[in-house]
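First comes the structure, then the notes that go with it.
The chains referred to below are lettered A, B, ... by the order of the sequence lines, with proteins before strands, and numbering in each begins at 1. Treat the numbers as computed from the prediction; the structure is a model and nothing was measured. Heavy-atom basis, side chains included; hydrogens, waters and symmetry copies ignored.
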There are 2 protein chains.
Amino acid sequence: MKKTDYRKYEFAVIASDVVIFTVLEEKLQVLLIKMKKKPFEKCWAAPGGLVKPDENVDDAAKRLLFEKTGLKDVYLEQLYTFGKVDRDPFGRVVSVAYFALIPHSGIMLQTTEEYEGVQWFPVDALPPLAYDHKEIVANAVNRLRAKLEYTNIVYSLLPEAFTLGELQKTYEIILKRNLDKRNFRKKIFSLGIIKKTGKIRKGLPNRPAELYTFVHKKPRVVEIL
Amino acid sequence: MKKTDYRKYEFAVIASDVVIFTVLEEKLQVLLIKMKKKPFEKCWAAPGGLVKPDENVDDAAKRLLFEKTGLKDVYLEQLYTFGKVDRDPFGRVVSVAYFALIPHSGIMLQTTEEYEGVQWFPVDALPPLAYDHKEIVANAVNRLRAKLEYTNIVYSLLPEAFTLGELQKTYEIILKRNLDKRNFRKKIFSLGIIKKTGKIRKGLPNRPAELYTFVHKKPRVVEIL
DNA sequence: GCAAAAGTGTTAAAACTACACCCATGG
DNA sequence: CCATGGGTGTAGTTTTAACACTTTTGC
């Protein structure tokens with residue numbers, strides 16, 4: 001089939017930006033890269049890039065995530081598409097934003113020549129961000145908070161085995177509120193989303209804790225809180 | 001500032017498709033247009049079109065909605081962006097889909113020369129759809145069902161004044177389940193989202209009903225069901 | 001007077017909230 | 001032996017779910 005040459009008409013560049021979250025040092029953090037090119041030399045931004053002509057937009061997001069973290073198979077969800085005319089000073093760029101959740105353990109941050117650096121930032125203490133990335137990150141944080149409450153996606157933030165204390169702490173950090181330990185445990189058990197590994201976490205100056213793992217590692221709608 | 005000519009690099013066409021819902025004849029219905037151009041001559045599709053170079057993507061959706069329905073100021077929300085490489089046989093087109101809710105009353109469907117016709121279809125009895133519009137509509141229906149339960153967006157489906165029976169019916173039709181009349185009324189009143197107009201609906205062969213109106217006509221998160 | 005939708009409370013079950021003590025370990 | 005987080009049950013409150021009859025109108 002002959003393809004119409006849409007270049008004669010309206011066109012735009014499609015980019016994708018990925019807001020990558022982890023929980024680290026008792027804080028919800030976002031992965032940002034430091035930009036080199038003007039006019040954002042001093043700014044940080046969520047990792048992003050152009051979608052290739054023969055690449056699905058979803059695949060571009062996966063690729064960008066992989067390039068920065070070396071990870072595949074983590075939670076990655078389309079967030080929102082940012083399409084204001086002037087959002088990019090270089091031209092018309094529409095960005096399909098995604099957000100990803102990764103466990104902190106064993107991530108090697110990979111910088112490239114394109115950027116000056118890669119770094120985690122707590123969402124409560126972000127540096128000035130390029131483009132409309134402040135809005136994008138804020139949007140992602142809201143979505144994450146909402147989804148934590150009614151889905152099982154935390155599984156993507158925790159290591160393979162974890163204690164109930166760690167699970168609860170993860171919720172508390174992201175939701176910014178304290179949960180009752182007994183009620184929390186009751187709820188989690190009643191949902192049947194985790195199971196014992198049979199192992200325990202030793203080596204800490206306190207009572208050893210049972211280690212659990214998620215029964216399913218696929219996104220599901222579940223009323224957690 | 002000199003703008004980079006991104007045409008030298010990757011590019012795509014940005015389109016927007018709008019899934020327009022109403023409740024009509026006791027059914028949730030979608031507005032579809034009948035296509036003329038190949039290879040979709042016999043197919044129906046959600047109204048859509050290209051985003052102009054100097055047009056925000058949001059504004060494009062508003063424009064498309066207005067062109068088909070003559071309506072502004074109704075509920076319109078970005079749904080999802082569909083970006084598979086081969087979703088459009090004519091070339092690389094990324095579509096930012098939206099969904100809209102309109103009251104049925106007083107809408108004049110406006111066809112244009114571009115199409116063979118415009119028509120409402122029940123979501124349970126859709127004709128074959130062009131492109132990936134089957135997926136887009138399904139996606140929109142899911143989103144609508146979910147949002148009805150935790151927001152006040154029904155306001156955009158009903159006329160200025162309505163009875164509690166009509167409100168309940170609207171929920172029942174879309175959610176495809178029956179609600180208990182007394183519990184429903186109790187809940188709605190306790191939320192304080194509607195108020196009496198003081199008028200009543202007469203002329204029907206049954207007891208006249210109080211007419212209500214929404215206190216706020218802005219989207220809000222509210223646990224309705 | 002009949003058909004059809006409007007309007008109106010109570011009760012039982014389930015879910016949620018608040019809350020305090022003992023346990024096992026490393027240092 | 002002390003500090004630290006792990007682990008456990010109950011009672012009061014709130015929320016939800018189920019349920020039936022009387023009212024008002026047009027025909």
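The side chain to side chain donor-acceptor pair (under 3.5 Å) contacts involving residues 14-25 of chain B comprise B/Asp17-B/Ser95, B/Asp17-B/His133, where partners must be two or more places apart or lie in separate chains.
Spacing between atom CG of A/Leu164 and atom P of D/dT4 amounts to 21 Å, rounded to whole angstrom units. Following rounding to the nearest Å, A/Ile224 (CD1) and C/dC16 (C1') show an atom-to-atom distance of 16 Å. Look at NZ on B/Lys181: it is 10 Å from C1' on D/dC21, rounded to the nearest Å. In this structure, B/Leu167 atom CG and C/dA6 atom P are separated by 12 Å, rounded to whole Å. In this entry the distance linking CD of B/Glu172 with C1' of C/dA5 reads 13 Å, nearest Å. In this entry the distance linking CD of A/Glu223 with C1' of C/dA14 reads 15 Å, nearest Å. Atom-to-atom, CZ of A/Arg201 to C1' of C/dA24 comes out at 16 Å; the value is rounded to the nearest Å. Going from atom CZ of A/Phe189 over to atom P of D/dG6 covers 12 Å, rounded to whole Å.
Annotation: of the two residues near DNA chain D, A/Asn206 and A/Glu210, the 5′-most nearest-nucleotide partner is A/Asn206.
Contact check, B/Arg207 against C/dG7: no side-chain N or O comes under 4.0 Å of OP1 or OP2.
Using a cut-off of 4.0 Å between Lys/Arg side-chain N and Asp/Glu carboxylate O, B/Lys169 and B/Glu26 are scored as salt-bridged. Using a 4.0 Å cut-off between charged side-chain N and carboxylate O, B/Lys181 and B/Glu172 make no salt bridge. Using a 4.0 Å cut-off between charged side-chain N and carboxylate O, B/Arg63 and B/Glu67 make a salt bridge.
Of the N and O atoms on the side chains of A/Tyr212 and A/Glu210, not one donor lies less than 3.5 Å from an acceptor on the other residue.
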Query raised in the report: Can you check ring-ring contact (aromatic ring centres under 6.0 Å, His included) on A/Phe82 and A/Tyr131, steps first, answer last?
Result: CA-CA 11 Å; A/Phe82 294 81; A/Tyr131 310 105; over 10 Å; no
Report task. Going 5' to 3' through nucleotides 10-19 of chain D, assign each nucleotide B (protein heavy atom under 4.0 Å from a base atom), S (under 4.0 Å only from sugar-phosphate atoms) or - (no protein heavy atom that close). Result -> B-----SBBB
